[in-house]
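The sequence lines fix the lettering, A, B, ..., with proteins before strands; numbering per chain opens at 1.
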Amino acid sequence: MLDIKFIRENPGIVKEAIKNKGIALDLNALLKADKELAALRQRGQDMATEKNRLTLEIKAAADKAPLKEKARLLGERQGKINKKLKDTELALAEMMALTPQIPAPNAPIGLTDADNTVLRQVGKKPDFGFEPLDHVDLIQRNNWGEFGKITNVCGTRTFALKGSLLRYEFALLQYALDKLAQKGFTTISVPSLAMEDAFFGSGHFPGDKENMYFLPKDGQYLSGTCEIVLNSLHCGEILTEARLPILYAGFSPCFRREAGSAGRDARGLYRVHQFNKVEQFVICRNDPEESAKWHAFLLAGAEEILAGLELPYRVVECCTGDMGAGKVRMNDIECWRPALQKYGETHSCSTLHDWQARRTNTRYRENLGGKVKFVHTLNNTALATPRIFVALLENHQTRDARVRIPKAIRPFMGDAEFL
RNA sequence: GGAGGGGUGGCAGAGCGGUUGAAUGCGGCGGUCUUGAAAACCGUUUUAGGGCAACCUAACGGGGGUUCGAAUCCCUCCCCCUCCGCCA
């Protein structure tokens with residue numbers, strides 16, 4: 001969500017962003033509703049002033065009846081205006097919710113990930129000297145998981161991990177949490193259940209509703225990332241500047257319906273309905289330079305984790321259409337998948353400036369001058385399981401279908417060298 | 001699931017139909033005093049929209065209603081707390 005004043009003053013810039021992000025929003029209709037609303041507000045306010053004046057007169061008057069009747073009639077007219085005002089407000093709010101953040105000038109322009117550009121490639125792709133197995137074969141050979149029966153019991157895109165692979169999952173999550181704690185993050189586990197407002201606040205609603213599991217008896221949704229909850233942790237608050245930045249390393253199980261991706265990545269652990277994720281989340285001062293600094297910090301955090309996992313990866317600059325409505329900038333990290341001979345997304349680092357903060361009404365008071373401003377928010381994956389297993393198992397496999405554990409993880413795995 | 005009690009400014013906590021946008025205390029900010037600090041004292045301190053300004057309007061968990069007038073009464077939803085029941 002953008003500032004209405006910014007939209008009034010920069011309709012051209014906003015129209016450009018709407019076009020480049022492929023958003024279905026008629027900005028002219030929005031501006032028209034905004035004008036209508038201003039006029040209605042003025043009329044409503046004038047009537048309220050008059051009504052307040054009458055009310056005081058009634059209180060003082062000896063004969064209240066004629067004044068009361070006058071006030072009642074005014075109230076009727078007021079009701080009509082207020083109805084119109086509410087309708088217009090609602091229509092405007094719906095359009096405002098769709099207004100996109102302005103993408104950074106250096107973001108590639110394009111509507112699909114085909115227009116993303118590769119920033120850098122890191123690490124050496126493994127040269128096996130044999131035909132590598134894919135992660136599903138490795139799991140089945142070692143009896144590390146279950147893909148067949150479990151889907152009969154639990155549905156599509158579900159899985160079970162067994163034995164050392166299950167232990168590996170906990171080790172990796174612990175590794176990521178420890179790493180972030182060392183970097184100054186507050187580690188925090190949050191519920192996967194959340195109420196609608198949180199999904200609106202993060203920007204996942206109204207657009208991405210189809211991708212959320214809904215629990216109709218309770219009116220709650222299952223979130224696909226703990227960003228949704230972390231983003232609302234300070235909603236409605238006015239923080240002191242001294243409290244910023246707030247760094248959260250969040251953990252939660254994540255749920256995604258994967259609506260619209262039927263048949264895609266159907267094999268294995270890459271795209272599943274339920275997974276676990278450690279997420280980096282930053283709340284900072286309203287300052288683009290400050291945001292840029294934390295963006296680099298979050299990206300570096302993910303890359304340090306991948307370095308510890310000894311995985312080859314590349315960093316991608318996402319184009320306008322791929323980054324999502326709220327984002328200024330988005331960098332995906334894609335890890336190498338030897339079996340498919342291609343890269344697959346494992347991390348996503350985003351700068352949103354005050355776009356989410358406006359939706360959650362999260363603000364802070366500046367030290368100097370005491371001005372109240374919206375905070376900036378950023379987020380990046382730290383580590384998501386089981387998706388990371390795709391790269392981890394395939395890249396570290398041996399000729400005899402064993403899997404090597406990266407040195408950094410061995411302390412969490414009883415110092416074992418192999419799974 | 002059953003019974004009850006609550007949600008008010010940065011925080012604590014009054015108000016329970018009419019100058020209450022809101023007492024009081026704490027905290028914050030400015031000042032007096034002091035070599036400096038503390039203490040004490042004085043002043044100041046919600047947010048949002050409109051207006052050059054004086055000022056006007058709105059907001060006491062969300063939404064709706066009653067009334068000339070609602071933080072205060074009614075309805076409804078959400079959240080928190082206590083007790084009972086059930087439960088990992």
Could you give the distance separating [M] and [N] at their [atom1] atoms, to the nearest angstrom?
| N | M | atom1 | answer |
| --- | --- | --- | --- |
| rU47(B) | rG9(B) | C1' | 9 Å |
| rU24(B) | rU45(B) | P | 13 Å |
| rU82(B) | rU76(B) | P | 25 Å |
| rC42(B) | rC33(B) | P | 16 Å |
| rA58(B) | rG43(B) | C1' | 29 Å |
| rA3(B) | rA14(B) | C1' | 28 Å |
| rA59(B) | rA71(B) | C1' | 11 Å |
| rA12(B) | rG6(B) | C1' | 15 Å |

Name the pairing partner of [N], where a pair is Watson-Crick or G-U wobble with both distances under 3.5 Å, or state none.
| N | answer |
| --- | --- |
| rG1(B) | rC84(B) |
| rC73(B) | rG65(B) |
| rA58(B) | rU47(B) |
| rU24(B) | rA12(B) |

What about the rings of F297(A) and F185(A), do their centers lie closer together than 6.0 Å? yes

Do F205(A) and F199(A) have ring centroids that are under 6.0 Å from one another? yes

For a 4.0 angstrom threshold against heavy atoms of chain A, report the outermost contacting nucleotides of RNA chain B in 5' to 3' order. rG18(B) to rC79(B)

For residues 29-53 of chain A, which residues have at least one heavy atom under 4.0 Å from RNA chain B? Q42(A), Q45(A), A48(A), T49(A), K51(A), N52(A)

Just verifying a value: how many Å separate M413(A) CE and Y168(A) OH, rounded to the nearest 0.5 Å? 7.0 Å

Hey, which sits more toward the 5' end of RNA chain B by its nearest nucleotide, R72(A) or K5(A)? K5(A)

Considering heavy-atom distances to RNA chain B, does V372(A) or L56(A) have its closest nucleotide positioned more toward the 5' end? L56(A)

Solution key, residues 187-196 of chain A side-chain donor-acceptor pairs under 3.5 Å, sequence neighbours excluded:
| unit_1 | atom_1 | unit_2 | atom_2 | d |
| --- | --- | --- | --- | --- |
| S192(A) | OG | P253(A) | O | 2.6 |
| E196(A) | OE2 | K209(A) | NZ | 3.0 |

Using the ring of each side chain (for Trp, its six-membered ring), is Y213(A) parallel, tilted or perpendicular to F255(A), with breaks at 30° and 60°? perpendicular

Output all residues satisfying side-chain contact (heavy atoms from CB on, under 4.5 Å) with K35(A), sequence neighbours left out; order by chain, then residue number. none

Report the residues that fulfil side-chain contact (heavy atoms from CB on, under 4.5 Å) with F418(A), sequence neighbours left out, ordered by chain and then residue number. T398(A), R402(A), R404(A)

Between E89(A) and K86(A) (salt bridge meaning N to carboxylate O under 4.0 Å), is one present in this structure? no

Are K293(A) and E289(A) within salt-bridge range, i.e. N to O under 4.0 Å? no

Pair up each side-chain donor or acceptor in residues 16-25 of chain A with any protein partner under 3.5 Å, not counting sequence neighbours, and list the distances.
| unit_1 | atom_1 | unit_2 | atom_2 | d |
| --- | --- | --- | --- | --- |
| N20(A) | ND2 | E16(A) | O | 3.4 |
| K21(A) | NZ | Q101(A) | O | 2.9 |
| K21(A) | NZ | G324(A) | O | 3.1 |
| K21(A) | NZ | A325(A) | O | 2.9 |
| K21(A) | NZ | K327(A) | O | 2.6 |

At under 4.0 Å between heavy atoms, what does L67(A) touch on the DNA or RNA strands: base, sugar-phosphate, or nothing? nothing

